[in-house]
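I have placed the structure first, in the form of structure tokens, so that the comments after it can refer back to it.
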Amino acid sequence: MSSLFDNFLTTPAYAQSAGGGGFSAEGLVSILPYVAMFGIFYFLLIRPQQLKQKQLRSQLSSLRRGDRVLTGGGIVAVVQKVAEGSNEVEVEIAPNVRVTVLRDTITSVITSVAKPANDVTPPAKG
């Protein structure tokens, strides 16, 4: 009885055929899904993140007075003073409240080129 039970739980081990040690079509086919998965991850996850980081670095290097920024702590501020060659930026977080933050803590630059919703442009005369 124990022999029947042992055969039920164990699987026989098959030896692999001894190949020539070179590349074979079977080896290439077995690696192909991993290469495809890496390609998909690269184009869907890694590359867009790299492009976003590159864009943020260029925006941070071209900061100027009046830009609205979002800090890592979630504070929306207006840039008041930028020192070239320095990693520090002076921002205003409330009327007459200025703090110095590092450029690295700024997570995004908010560019508000659109007009506020409650502003109405007068009709052109003539």
Say whether [X] and [Y] are linked into one hydrophobic cluster, either directly or through other cluster members, by side-chain heavy-atom distances under 4.5 angstrom.
{"X": "Leu44", "Y": "Ile46", "answer": "no"}
{"X": "Leu45", "Y": "Leu51", "answer": "no"}
{"X": "Val89", "Y": "Ile75", "answer": "yes"}
{"X": "Ile31", "Y": "Ile40", "answer": "no"}
{"X": "Tyr42", "Y": "Val35", "answer": "no"}

Report the distance from atom [atom1] of [X] to atom [atom2] of [Y], rounding to the nearest 0.5 Å.
{"X": "Leu56", "Y": "Gln53", "atom1": "CG", "atom2": "CD", "result": "6.0 Å"}
{"X": "Thr100", "Y": "Lys81", "atom1": "OG1", "atom2": "NZ", "result": "7.5 Å"}
{"X": "Glu84", "Y": "Leu63", "atom1": "CD", "atom2": "CG", "result": "9.5 Å"}
{"X": "Glu92", "Y": "Arg65", "atom1": "CD", "atom2": "CZ", "result": "8.5 Å"}

Next item on the list: Please assess Asp104 against Asn87 for the test side chain to side chain contact (heavy atoms under 4.5 Å, CB included), listing each intermediate value before the final yes or no.
Entry: CA-CA 8 Å; Asp104 299 335; Asn87 198 25; 3.4 Å; yes
What's the shortest heavy-atom distance between [X] and [Y], and which atoms?
{"X": "Gly74", "Y": "Leu70", "answer": "C-CD1, 3.8 Å"}
{"X": "Arg103", "Y": "Val82", "answer": "NH2-CG1, 3.0 Å"}
{"X": "Ile93", "Y": "Ala77", "answer": "CG2-CB, 3.8 Å"}
{"X": "Val91", "Y": "Val79", "answer": "CG1-CA, 4.1 Å"}

Check: Would one find more than 12 heavy atoms of other residues, nucleotides or ligands at under 6.0 Å from atom CZ of Arg47?
Finding: no
Margin query: Between Ser62 and Ser58 (side chain of the first, backbone of the second, donor and acceptor by atom type, cut-off under 3.5 Å), is there such a pair?
Written below: yes
Check: Between Lys54 and Gln50, does a side chain to side chain contact (heavy atoms under 4.5 Å, CB included) hold up when you go through it step by step?
Finding: CA-CA 6 Å; Lys54 184 178 179 182; Gln50 287 176 341; over 6 Å; no
Check: Is there a side-chain contact between Val76 and Arg68, using heavy atoms and a 4.5 Å cut-off?
Finding: yes
